[in-house]
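Everything quoted here is computed from the prediction, not taken from an experiment. The figures here come from the full heavy-atom set of this structure, side chains too, leaving out hydrogens, waters and symmetry mates.
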Amino acid sequence: MSTPAIFDPAKAYAQQEQVYFDDGREAQLLHHIQSRSDVDKLIGSPKKVLGAIDDFGRRQKYLMNVGEDKGGIVTKLIHETQPRVIIELGGYVGYSAILFGDAARAAGADEYLCLESNAEFATVARSLIDLAGLGAFVKIIVGPSSDSLRALHAAGRLSRIDFLFLDHYKPAYLPDLQLCEQLGLIRNGTVIAADNVIKPGNPPYLAYVRSDVESKKRAYASDPHATGTTDGAAVRGNPNLVYQSELIQSFEPTGIPDGIEVTMCLGTNDALSGTA
Ligand SMILES: C[S@@+](CC[C@H](N)C(=O)[O-])C[C@H]1O[C@@H](n2cnc3c(N)ncnc32)[C@H](O)[C@@H]1O
């Protein structure tokens, strides 16, 4: 576990309200940015568009973006691991897609696929991604993540994932990871970064990625039923995959402590133990 950095209160987002999304603020964000007198200066600049989104989150209304601190952790990982195939689950208004899409493009990735279930959020995200000059590289795919993962795989568009960023519906992290395992998308070297593992937390997901192969096999043997996915279709993962996992502590954009769980797949147990 990492030592937490220090949060700079000057850059804190507005506090999270009882209702903090899907109340019109996403369209308001887009309108606010498009009406800025300096909007021309944002064209083609991921950094400036992110600055404009952060400015709205600080001065106008809270936005459930990954934010600068946790975003910096993931950006560094992308630079270090240089993924070719990168998938994000949960795009919201495109903050992380712009930040990580820019980093992935610089690191030589093929494209950045962002799976988002809400069509209105996806429309806002696309406009901001286009404004940042990333429209040809960052693709938003609308629909529930599990459907989109299956469809991309069936169409031959997705045969492996090098970098997976999980930031959608918290109970779906584990079944969606297991779906990716089942589809053979998680391989030796795949990096999985999961947001919000402290706030609000995700004990089933953390227990799984921190388990060894024997414990996972025992759990599978004692539960003959599939874990299920958010769309109700049965899914079983691959307990034979060996993971190395670490919590990196950081902050929500409001300053509340949170963390990213970074998990690296080392390959299958059979391959590592020489029995494959
Ligand atoms: C926390 S927000 C994502 C924030 C974004 N990653 C960022 O940092 O800029 C979560 C998003 O996941 C989306 N979502 C929830 N369940 C989903 C699912 N099953 N498939 C795809 N997107 C989903 C929500 O509509 C919402 O936009």
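- Here the side chains of K139 and E111 are in contact, with some heavy-atom distance below 4.5 Å.
- Judged by distance alone, with hydrogens and angles left aside, the side-chain atoms of S45 form no donor-acceptor pair with the main-chain N or O of L42 at under 3.5 Å.
- Residues N65 and Y92 meet the side-chain proximity criterion, which asks for heavy atoms closer than 4.5 Å.
- Salt bridge annotation for R105-D102: present, with a cationic side-chain nitrogen under 4.0 angstrom from a carboxylate oxygen.
- The salt bridge (charged side-chain N to carboxylate O under 4.0 Å, His left out) pairs that include a residue from residues 208-218 are R210-E261, where partners are two or more places apart or lie in different chains.
- Here the CG atom belonging to L77 is positioned 12.5 Å from the CD atom belonging to Q82, to the nearest 0.5 angstrom.
- Classification of the F251-F7 ring pair by plane angle, with boundaries at 30° and 60°, yields tilted.
- The side-chain heavy atoms of K170 and P200, taken from C-beta on, include a pair separated by under 4.5 Å.
- The environment of E120 atom CD is sparse: at most 12 non-hydrogen atoms of other residues, nucleotides or ligands sit within 6.0 angstrom.
- Grouping the Ile, Leu, Val, Met, Phe, Trp and Tyr side chains by contacts below 4.5 angstrom, directly or via other members, places I73 apart from I256.
- Annotation: side chain of D195 is not in contact with side chain of V74 (no heavy-atom distance under 4.5 Å).
- Y208 pairs by the ring-ring contact (aromatic ring centres under 6.0 Å, His included) definition with nothing, not counting sequence neighbours.
- Side-chain contact between L50 and K47 is absent, with no heavy-atom pair separated by less than 4.5 Å.
- Each of L164, D167, L177 was compared with L89 under the side-chain contact (heavy atoms from CB on, under 4.5 Å) criterion, and only L164 meets it.
- The number of heavy atoms from other shown groups lying within 6.0 Å of NZ (K41) does not exceed 12.
- At distances below 3.5 Å, at least one donor-acceptor pair connects side-chain atoms of E26 with backbone N or O atoms of D22.
- Once rounded to the nearest 0.5 Å, the distance linking NE2 of H31 with OG of S127 reads 13.5 Å.
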Worked check of side-chain contact (heavy atoms from CB on, under 4.5 Å) between V213 and N240:
CA-CA 6 Å; V213 165; N240 203 29; 4.0 Å; yes

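- Between the side chain of R58 and the main chain of K11, a donor-acceptor pair closer than 3.5 Å is present.
- Considering every non-hydrogen atom in both P175 and V235, the closest pair reads O-CG1, 4.1 Å.
- Across every non-hydrogen atom of A193 and I260, the tightest pair is CB-CG2, 4.0 Å.
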Using the side-chain contact (heavy atoms from CB on, under 4.5 Å) rule, take V209 and I192 through it: C-alpha gap first, then chi angles, then the decisive distance, then the call.
CA-CA 10 Å; V209 294; I192 305 147; 5.7 Å; no

I would like to know whether N118 and E116 meet side-chain contact (heavy atoms from CB on, under 4.5 Å); could you show each step before the answer?
CA-CA 6 Å; N118 183 305; E116 168 56 51; 3.2 Å; yes

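- Among all heavy-atom pairs drawn from P46 and L134, the shortest one is CG-CD1, 4.0 Å.
- The closest side-chain donor-acceptor pair between T254 and Q16, if any, does not fall under 3.5 angstrom.
- Looking at K70 and E252, a side-chain N of the basic residue comes within less than 4.0 Å of a carboxylate O on the acidic one, giving a salt bridge.
- Counting heavy atoms from C-beta on, the side chains of V85 and F163 never come closer than 4.5 Å.
- With I141 as the fixed residue, the side-chain contact (heavy atoms from CB on, under 4.5 Å) test singles out one of L115, L149, I87, D147: L115.
- Rounded to the nearest 0.5 angstrom, F165 CZ and Y112 OH are separated by 6.5 Å.
- Using cut-offs of 30° and 60° for the angle between ring planes, the Y20 and Y62 rings count as perpendicular.
- In this structure the side chain of V19 never reaches within 4.5 angstrom of the side chain of E17, judged on heavy atoms.
- Rounding to the nearest 0.5 Å gives a distance of 5.5 Å between OG of S146 and CG of D176.
- The main-chain N or O of R25 is found under 3.5 Å from a side-chain atom of D23 such that the two form a donor-acceptor pair.
- Listed here is the closest heavy atom pair of S159 and L185: C-CD2, 3.5 Å.
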Should H168 and S117 be marked as a side-chain contact (heavy atoms from CB on, under 4.5 Å) after you check the CA-CA gap, both sets of side-chain angles, and the distance that decides it?
CA-CA 9 Å; H168 60 326; S117 58; over 6 Å; no

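- Note that OH of Y95 and CD1 of I129 are 13.5 Å apart. Values are rounded to the nearest 0.5 Å.
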Determine, stepwise, if the pair N196 / N202 fulfils side chain to side chain donor-acceptor pair (under 3.5 Å).
CA-CA 8 Å; N196 301 121; N202 203 328; over 6 Å; no

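- Nearest heavy-atom pair across P83 and A109 is O-CB, 3.2 Å.
- Annotation: side chain of N238 is not in contact with side chain of I186 (no heavy-atom distance under 4.5 Å).
- Expressed to the nearest 0.5 Å, how far OG of S96 lies from CE of M64 amounts to 10.5 Å.
- Nearest approach of A103 to T75, heavy atoms of both residues: CB-CG2, 3.7 Å.
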